[in-house]
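Read through the structure below, which is laid out as C-alpha cells, and then see the notes.
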Amino acid sequence: MKSCIIATGNELTEGIILDKNSKYLAEKLKSVGYDTLKITNVKDDLSLIKLSIEESLEMCDIIFLTGGLGPTQDDLTVQAVSESCNIDIVFNEELFEKIKKYYYNKTGKYLSILKKQSYVLKNAEILQNPVGSAPGQKVHFNGHTIYLLPGPYNEMKTIFDTHIYDELKSNMKNDHVEYSLYFYGLTEAELMQEVSVILKNFDYSTKIEEYIGPSLRIRMQKNDDFEPILEKILSQFSRYFIGFKSLEITLFDVLLKSSKTLSFAESCTGGMLSDTLVSIPGASNVFKGSLVTYSNESKVRLLDVKKETIEKFGAVSEETVKEMAYGLKKIMESDICVSVSGIAGPSLGSEQKPVGTVWYGFLINEDFVALKNVFTGDRDEIRKRATYFAFWNILDLVRKRYL
C-alpha cells in the first residue's frame, strides 16, 4: 500500500518549526508495512494545497493531511479536500456542541470563531480529539482513503494513535522484518563501499545520525536468515558498531545490564551529556547526577580542583579533568565518573589549544583514563560532537570491562 503525507502551514514553509508530524506518521506507517512515496510541506494557500492533494491521489492509496483544521481564515484543509474531491461540506451540530463544551471547560469562554471547526466533509468519519478542539476526519474517495488531522503535534499524535494506527495495522499483512544497525566514527561512504556488496540482494537504506555516524536499515523476509549477513558486516566494522539502537539508548542498556551507575562533571558541554541521558525513560536507574562546573571557580569550589593545577596546566587539560573526575567521585560515589572540559568557541582558542579542543576524564572505580579530541564546527556542533564522543567511549570502556 502506498501512502502520501501533506503537512500544511506557513510556519513549516518559512522554517519556523520542523515538521514533526510527517516524521512521526512516516515512521508509524512504515512499521505496519506502508510505503510512503511522498512528504510535502505546503503553505496556507488553497490552490497549492489542492495541487498537493491531486498529485497524491495520482500515486497513493492513503493520504494524510496535517494542519489547517483550526478556526481561522488561513485554515483551508477541509475546503481544499472538498474542492479536490467534489465532496460537500456540512455543518455538524453535535460536533459543534462538543467543541463549545471543550473550549469552555478549558478557558471559561465561548468564541463564535470556533463554529468553523464544526463544518466537516459530508459522510466523513469524525475522529474525536480529546486534547484539542479540532477533530480529525476520515473520508473515502474513488478507492482512496484521506485522513485530515490537526497540526499541533500532540493532537495529531493522539488522534492517530487512538483512532487510526490499529486499523491500519489490521489491514496490512506484514511479512517483513527490519533490522537497524548503528555505527560511530565511520563515514557513510566507508560503510557502503563494503556493505553494498553484502546487501546487493536485499532492501536496505542508510541514514547519517548527526554527530555520530551512519545507521543501516535492512529489510528482509521474516524467514530470511539475518545472522550470516550480520557476521559479514561486523567482520569488517565491529570496532565501529554501536548496536541495534541509538548510541545513548545502547549506553543506557549496557549500564543497566552491568548494574553500573554514571555521573558527569561538565564544563564546555554545559549539561548536554546529562540532558541527553535523562531523555531516556528509566535513566534514574543508572544516572546519579551531574555538576556543571563551567567556571574555574566552580571547578575549585565544587570539585576540589587545585587552583595551582588550573594555573599551571589550564582548565582544558588532562590534569584538570583528572581532578574533576576524582572530585566528582567523592560527591556522587558512582561506578563511572566522567569529566569534560574544552573550548567550544568561537573565541578563546590558541595555537596549542585551538577551538574544539576537549579533554575527558573517565574514572571507573579507581582506574583513570584521559582522552583528548579536537572537534570541528560551530559552538553548538562542537558541544554535540563532544557529548557523543563521551558516550561512545563510556560504552566502549564498560563493554571491555564488564561485558
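By convention here, the first residue in the shown sequence is residue 1.
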(request) Could you check Asp19 against Lys23 for salt bridge (charged side-chain N to carboxylate O under 4.0 Å, His left out), going step by step and ending with a plain yes or no? (result) CA-CA 7 Å; Asp19 182 11; Lys23 179 180 184 296; over 6 Å; no
(request) Applying side chain to side chain contact (heavy atoms under 4.5 Å, CB included), run through Ile233 and Phe183 and close with a yes or a no. (result) CA-CA 11 Å; Ile233 295 172; Phe183 300 86; 4.0 Å; yes
(message) Run Lys169 and Asp166 through salt bridge (charged side-chain N to carboxylate O under 4.0 Å, His left out) and show every step you take.
(response) CA-CA 5 Å; Lys169 190 175 180 180; Asp166 287 341; 6.0 Å; no
(request) Test Lys232 against Glu227 for salt bridge (charged side-chain N to carboxylate O under 4.0 Å, His left out), laying out the working first. (result) CA-CA 9 Å; Lys232 288 180 182 179; Glu227 289 304 317; over 6 Å; no
(request) Determine, step by step, whether Asp396 and Lys400 satisfy the salt bridge (charged side-chain N to carboxylate O under 4.0 Å, His left out) criterion, reporting the C-alpha distance in whole Å, the side-chain angles of both residues, the deciding distance to 0.1 Å, and the verdict. (result) CA-CA 6 Å; Asp396 186 52; Lys400 287 177 179 176; 3.1 Å; yes
(request) I would like to know whether Leu168 and Tyr34 meet side chain to side chain contact (heavy atoms under 4.5 Å, CB included); could you show each step before the answer? (result) CA-CA 9 Å; Leu168 295 180; Tyr34 282 82; 3.6 Å; yes
(message) Before you tell me yes or no, could you show the steps for Leu199 and Ile229 under side chain to side chain contact (heavy atoms under 4.5 Å, CB included), namely the whole-Å CA-CA distance, both residues' side-chain angles and the distance that decides it to 0.1 Å?
(response) CA-CA 8 Å; Leu199 297 176; Ile229 299 296; 3.5 Å; yes
(request) Go through the steps to decide whether Asn393 and Tyr388 satisfy the test side-chain hydrogen bond (donor to acceptor under 3.5 Å, both in side chains), and finish with yes or no. (result) CA-CA 9 Å; Asn393 282 281; Tyr388 288 114; over 6 Å; no
(request) Under the side chain to side chain contact (heavy atoms under 4.5 Å, CB included) rule, what do Ile146 and Phe64 come out as? Steps first, then yes or no, please. (result) CA-CA 6 Å; Ile146 304 174; Phe64 287 87; over 6 Å; no
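Side-chain contact annotation: Asp253 with Thr250, donor-acceptor N/O pair under 3.5 Å absent. Between the side chains of Ser215 and Glu209, at least one donor N or O lies within less than 3.5 Å of an accepting N or O. Residues Glu155 and Thr158 have side chains that never bring a donor and an acceptor to within less than 3.5 angstrom of each other. With 3.5 Å as the limit, one finds no donor-acceptor pair spanning the side chains of Thr36 and Lys30. Remark: the Glu319 side chain and the Thr309 side chain contain no N/O donor-acceptor pair separated by less than 3.5 Å. A donor-acceptor contact closer than 3.5 angstrom is absent between the side chains of Ser298 and Thr293.
Shortest non-hydrogen contact noted between Val321 and Ser339 is O-OG, 2.6 Å. Here the closest heavy-atom approach between residue Tyr165 and residue Ser31 is recorded as OH-OG, 3.6 Å. Residues Asp335 and Thr261 approach most closely at OD2-N, 2.8 Å, considering heavy atoms. Residues Glu366 and Leu363 come closest through the heavy atom pair C-CD1, 4.0 Å. Closest of all the heavy-atom pairs between Ser341 and Cys268 is C-SG, 4.1 Å. Minimum heavy-atom separation, Leu29 to Ser3: CD1-OG, 3.7 Å.
Stacking of Lys100 on the aromatic ring of Phe96 is recorded, both the 6.0 Å distance cut-off and the 45° axial limit being met. With Tyr103 as the aromatic partner, Lys109 does not meet the cation-pi criteria of under 6.0 angstrom to the ring centre and within 45 degrees of the ring axis. Figure legend: Lys20 and Tyr153 shown as a cation-pi pair, the cationic atom lying under 6.0 angstrom from the six-membered ring centre and within 45 degrees of its axis. In this structure, Lys28 is not positioned above the aromatic face of Phe160 in the sense of NZ or CZ being under 6.0 Å from the six-membered ring centre and within 45° of the axis.
Only one option out of Lys322, Arg401, Lys329 pairs with Asp367 in a salt bridge (charged side-chain N to carboxylate O under 4.0 Å, His left out); it is Arg401.
Interatomic distance, CG of Leu247 versus CD1 of Ile394, reported as 9.0 Å (0.5 Å rounding). Rounded to the nearest 0.5 angstrom, Ile280 CD1 and Leu251 CG are separated by 7.5 Å. To the nearest 0.5 Å, atoms CD1 (Ile49) and OG1 (Thr77) are separated by 5.0 Å. The line from CD1 of Ile63 to CD of Glu54 is 10.0 Å long, rounded to the nearest 0.5 Å.
Atom NZ of Lys245 has 12 or fewer heavy atoms from other residues, nucleotides or ligands within 6.0 Å. Counting non-hydrogen atoms of other residues, nucleotides and ligands closer than 6.0 Å to CD of Glu93 gives a total above 12. Within a 6.0 Å radius of CG in Leu348, no more than 12 heavy atoms belonging to other residues, nucleotides or ligands are found. With a 6.0 Å radius and a threshold of 12 heavy atoms from other residues, nucleotides or ligands, Arg219 has its CZ atom above the threshold.
In this structure, Glu266 contributes its side chain and Leu273 its backbone to a donor-acceptor pair below 3.5 Å. The closest donor-acceptor contact from the side chain of His176 to the backbone of Gly33 lies at 3.5 Å or more, if one exists at all. Proximity of a side-chain donor or acceptor of Asn285 to a complementary backbone N or O of Gly282 within less than 3.5 Å is detected. Proximity of a side-chain donor or acceptor of Ser274 to a complementary backbone N or O of Ser290 within less than 3.5 Å is not detected. Side-chain atoms of Lys372 do not come within 3.5 Å of backbone N or O of Trp359 as any donor-acceptor pair. In terms of modelled atom types and a separation under 3.5 Å, the side chain of Lys50 and the main chain of Glu83 share no donor-acceptor contact. With hydrogens and angles disregarded, a donor-acceptor distance shorter than 3.5 Å links the side chain of Asn10 to the backbone of Asp44. With hydrogens and angles ignored, the 3.5 Å screen pairs a side-chain donor or acceptor of Lys299 with a backbone N or O of Tyr294. A donor-acceptor contact shorter than 3.5 Å links the side chain of Glu190 to the backbone of Thr187. Judged by distance alone, the side chain of Asn105 and the main-chain N or O of Lys101 form a donor-acceptor pair under 3.5 Å.
In terms of the side chain to side chain contact (heavy atoms under 4.5 Å, CB included) criterion, residue partners of Ser82 (sequence neighbours excluded) are, by chain and number, Ile89, Leu121. Remark: Gln117 pairs with Pro71, Ile99, Leu114, Ser133, Ala134 by the side chain to side chain contact (heavy atoms under 4.5 Å, CB included) rule, at least two apart or across chains.
Ring pair Tyr184/Tyr240: centre-to-centre distance not below 6.0 Å. The distance between the ring centers of Phe252 and Phe287 does not fall below 6.0 angstrom. For Tyr360 and Phe389, the ring centers are positioned less than 6.0 Å apart. Here the two rings, on Tyr104 and Tyr110, have centers that are 6.0 Å apart or farther.
One finds a salt bridge joining Lys138 and Glu167 here, because a Lys/Arg side-chain nitrogen approaches an Asp/Glu carboxylate oxygen to under 4.0 Å. A salt bridge links Lys2 to Asp35: at least one charged side-chain nitrogen sits closer than 4.0 Å to a carboxylate oxygen.
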